[in-house]
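Structure first, then comments.
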Amino acid sequence: MQKITPWEVEGDIDYSKLVKEFGTSPISDPLLKRIKKHTKDLHFMLTRKIFFSHRDFNWLLDEYEKNNKFFLYTGRAPSGDIHLGHLVPWIFTKWLQDKFNVELLFQFPDEEKVVFKKDLTFEDTEKFTKENMLDIIALGFNPKKTKFIIDTKHANLMYKPAMQVAKKITFSTVKATFGLNNQSNLGQIFYTSMQAVPAFLPSILKKKNIPCLIPLAIDQDAHFRVSRDVIPKLGYYKPAIIHSMFLPSLLGPKGKMSSSSEQDTIYTTDSPSTVESKIKKYAFSGGKPTLEEHRKKGGNPDIDVSFQYLRMLFEPDDKKLSKIYNDYKSGSLLTSELKEILIKKVNTFLKKHQQKRELAKKQVNKFIL
Ligand code: TRP
């Protein structure tokens, strides 16, 4: 059983089944070729099919090739600290921004988790908005081409278009799409209208239609399944979408990293020794129970979480990655050694990230719309 909504991801995730269920298109080799024409190289998240699915990407490139440039839109509902899983779509979004030289609108729906989480207050989200912004800036988005939009702060810009979206979505659609019910609060029922707005707000502000591409983790697709039907009715382009997989939790190869448990999650602010001990203690291993057996029969990198983190985030070099894969499979590389490789990679990344996060404190104002 798999259950995937924007607020809940449960069970073993079968990504090819999601493509069928949600009616998206797999990323094909011809599409990769077409992207490469413009980007010169391909990000490993594309070639490894970590971004595995899309909606209307070919249309987006048709427009781009007619000199009708798109903008990027993605977001983060501030409700806790940033962990490694969050970084997957954002690192890729930065790559897209650099390669296509386009604007990015980054939404902080600071009301979303207030209406979805029982104990979360606006005071909490205000704090997390500030903290989370530092992580986004630290990833290196172009300050001249990136704007943050915060739902409560920019409500004056957003309320009218959100209501126009809301007018065209029925309660029964929201119930069927998100698993909400008669007991759901009004904020929850309305929220998807707010997430729709940044997909066409630049078209309103610039008084001309601009194509939009939304990179997201597949759980967020539901919002756009609904709003892609509505946005054209308001006179704007249907946004194109590109979907990523979830980074698995430390505890197992299935499911996703989440902030609900401290143990199975590596935060961007974790110290080197915390990272080391979390990976050593918790990272689910595809190794054999004893050293002799591992040397003889080899491990299983496909279910090994440390290997998956290297594949999805930390080892961009295909040759190095496949050597690790083969060595682990043959048994010449031990689990403890594989974990060492990952620990080094994560800590090298986090050291730089944490420095850039400090510097970001002075830059926040430049990014706010
Ligand atoms: N709902 C997303 C979250 O929970 C935040 C978000 C807002 C978003 N707009 C988006 C995510 C657009 C992807 C694309 O974090």
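For the pair L369 and L157, the minimum side-chain heavy-atom distance is below 4.5 Å. Two residues are said to be in side-chain contact when any heavy atoms from C-beta on lie closer than 4.5 Å; I82 and I136 fail this criterion. Here the side chains of I204 and K160 are not in contact, with every heavy-atom distance at 4.5 Å or above. Taking the side chain as every heavy atom from C-beta outward, T129 and E126 never approach each other to under 4.5 Å. Counting heavy atoms from C-beta outward, H38 and E65 have side chains that approach closer than 4.5 Å. Annotation: side chain of I13 is in contact with side chain of I4 (closest heavy-atom distance under 4.5 Å).
With hydrogens and angles ignored, the 3.5 Å screen pairs no side-chain donor or acceptor of S227 with any backbone N or O of V230. For H243 (side chain) and S53 (main-chain N/O), a donor-acceptor pair under 3.5 Å exists by modelled atom type. Using modelled atom types, one side-chain atom of E337 and one backbone atom of L334 make a donor-acceptor pair closer than 3.5 Å. Listed for the D317 side chain is a donor-acceptor partner under 3.5 Å among the backbone atoms of K320. Panel note: side chain K147, backbone K366; a donor-acceptor pair is recorded below 3.5 Å. When atom types are taken as modelled, the side chain of S330 and the backbone of D327 share a donor-acceptor pair closer than 3.5 angstrom.
Counting only N and O atoms by type, the side chains of Y237 and N68 include a donor and acceptor under 3.5 Å apart. No donor-acceptor contact under 3.5 angstrom links the side chains of T74 and T93, judged on distance only. Residues D135 and H353 have side chains that bring a donor and an acceptor to within less than 3.5 angstrom of each other.
Across T274, V275, T269, a single residue satisfies side-chain contact (heavy atoms from CB on, under 4.5 Å) together with S271, and that is T274. Among the candidates N58, D29, T39, the single residue satisfying the side-chain hydrogen bond (donor to acceptor under 3.5 Å, both in side chains) test with R34 is N58. Checked options Y73, Y236, F71; the residue passing with F200 is Y236 (criterion: ring pair (Phe, Tyr, Trp, His ring centres under 6.0 Å)).
Heavy-atom neighbours of K175 NZ from other residues, nucleotides or ligands within 6.0 Å: above the threshold of 12. Heavy atoms of other residues, nucleotides or ligands lying less than 6.0 angstrom from CD of E63 number more than 12. Dense packing is recorded around NZ of K49, with more than 12 heavy atoms of other residues, nucleotides or ligands lying under 6.0 Å away. The environment of NZ in K145 is crowded: more than 12 heavy-atom neighbours from other residues, nucleotides or ligands sit within 6.0 Å. A 6.0 Å sphere centred on NZ of K69 holds more than 12 heavy atoms belonging to other residues, nucleotides or ligands.
The side chain to side chain donor-acceptor pair (under 3.5 Å) analysis of residues 148-158, with sequence neighbours excluded, yields the pairs Q107-D151, D110-T152. Residue pairs meeting the ring-ring contact (aromatic ring centres under 6.0 Å, His included) criterion with at least one partner in residues 167-190, sequence neighbours excluded, are W7-F178, F178-H223.
Both L18 and I50 belong to a single network of hydrophobic side chains, linked directly or stepwise wherever heavy atoms of I, L, V, M, F, W or Y lie under 4.5 Å apart. Note on L216 and F51: separate hydrophobic clusters, where clusters join Ile, Leu, Val, Met, Phe, Trp and Tyr whose side-chain heavy atoms are under 4.5 Å apart, directly or indirectly. Linking ILVMFWY residues whenever their side-chain heavy atoms come closer than 4.5 Å, directly or via other members, places I341 and Y282 in the same cluster. Residues V9 and F224 are members of separate hydrophobic clusters, defined by side-chain heavy-atom contacts under 4.5 angstrom among Ile, Leu, Val, Met, Phe, Trp and Tyr.
Heavy atoms only, all atoms of each residue included: S79 and R76 are closest at N-NH2, 3.7 Å. Contact detail for I189 and S184: the closest heavy-atom pair is CD1-O, 3.7 Å. In terms of heavy-atom proximity, N132 sits nearest to G80 at ND2-O, 3.0 Å. Between I266 and L350, the closest heavy-atom pair is CG2-CD1, 4.3 Å. Considering all non-hydrogen atoms of both residues, L333 and R295 come closest at N-NH1, 4.5 Å.
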Which atom pairs, donor and acceptor, lie under 3.5 Å between side-chain atoms of residues 301-309 and protein residues at least two apart or in another chain?
| unit_1 | atom_1 | unit_2 | atom_2 | d |
| --- | --- | --- | --- | --- |
| D302 | OD1 | Y325 | OH | 3.2 |
| D302 | OD2 | Y325 | OH | 3.0 |
| D304 | OD1 | S306 | N | 3.0 |
| D304 | OD1 | F307 | N | 3.0 |
| D304 | OD2 | G286 | N | 2.8 |
| D304 | OD2 | Y328 | OH | 3.1 |
| Q308 | OE1 | R311 | NE | 2.9 |
| Q308 | NE2 | P301 | O | 3.2 |
| Q308 | NE2 | D302 | O | 3.2 |
| Y309 | OH | P248 | O | 2.6 |
| Y309 | OH | L250 | N | 3.3 |

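Residues satisfying the ring-ring contact (aromatic ring centres under 6.0 Å, His included) criterion with H43, sequence neighbours excluded, are F92, W95. Every residue was checked against the ring-ring contact (aromatic ring centres under 6.0 Å, His included) condition with F22, not counting sequence neighbours, and none meets it. For N347, there are no side-chain hydrogen bond (donor to acceptor under 3.5 Å, both in side chains) partners two or more places apart in sequence or in a different chain. Under the ring-ring contact (aromatic ring centres under 6.0 Å, His included) criterion, F314 pairs with F349, sequence neighbours left out. Not counting sequence neighbours, the partners of F367 by the ring-ring contact (aromatic ring centres under 6.0 Å, His included) test are F148. Residues satisfying the salt bridge (charged side-chain N to carboxylate O under 4.0 Å, His left out) test with D221, not counting sequence neighbours, are R55, R225. Listed by chain and residue number, nothing satisfies the salt bridge (charged side-chain N to carboxylate O under 4.0 Å, His left out) test with K144 (two or more places apart in sequence, or in another chain). For K329, there are no salt bridge (charged side-chain N to carboxylate O under 4.0 Å, His left out) partners, not counting sequence neighbours. Contacts of D98 classified as salt bridge (charged side-chain N to carboxylate O under 4.0 Å, His left out), with partners at least two apart in sequence or in another chain: K94.
Taking the six-membered ring where tryptophan is involved, the planes of F57 and H54 are perpendicular, since the angle between them exceeds 60° and thus also 30°. Under the 30°/60° scheme for interplanar angles, the aromatic rings of F116 and Y191 are found to stand perpendicular.
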Query raised in the report: Checking salt bridge (Lys or Arg N to Asp or Glu O under 4.0 Å) for the pair D270/K278: CA distance, chi angles, key distance, verdict?
Result: CA-CA 10 Å; D270 280 349; K278 280 181 182 173; 2.7 Å; yes

Requested in this report: Tell me, with the steps shown, if K117 and E112 meet salt bridge (Lys or Arg N to Asp or Glu O under 4.0 Å).
Outcome: CA-CA 9 Å; K117 288 194 169 187; E112 174 181 356; over 6 Å; no

Requested in this report: Decide ring pair (Phe, Tyr, Trp, His ring centres under 6.0 Å) for W90 and F141; before the verdict, give the C-alpha distance in whole Å, the side-chain angles of both, and the deciding distance to 0.1 Å.
Outcome: CA-CA 9 Å; W90 301 340; F141 289 106; 8.2 Å; no

Query raised in the report: M45 and L313: side chain to side chain contact (heavy atoms under 4.5 Å, CB included), yes or no, with the steps?
Result: CA-CA 8 Å; M45 289 184 191; L313 268 175; 4.1 Å; yes

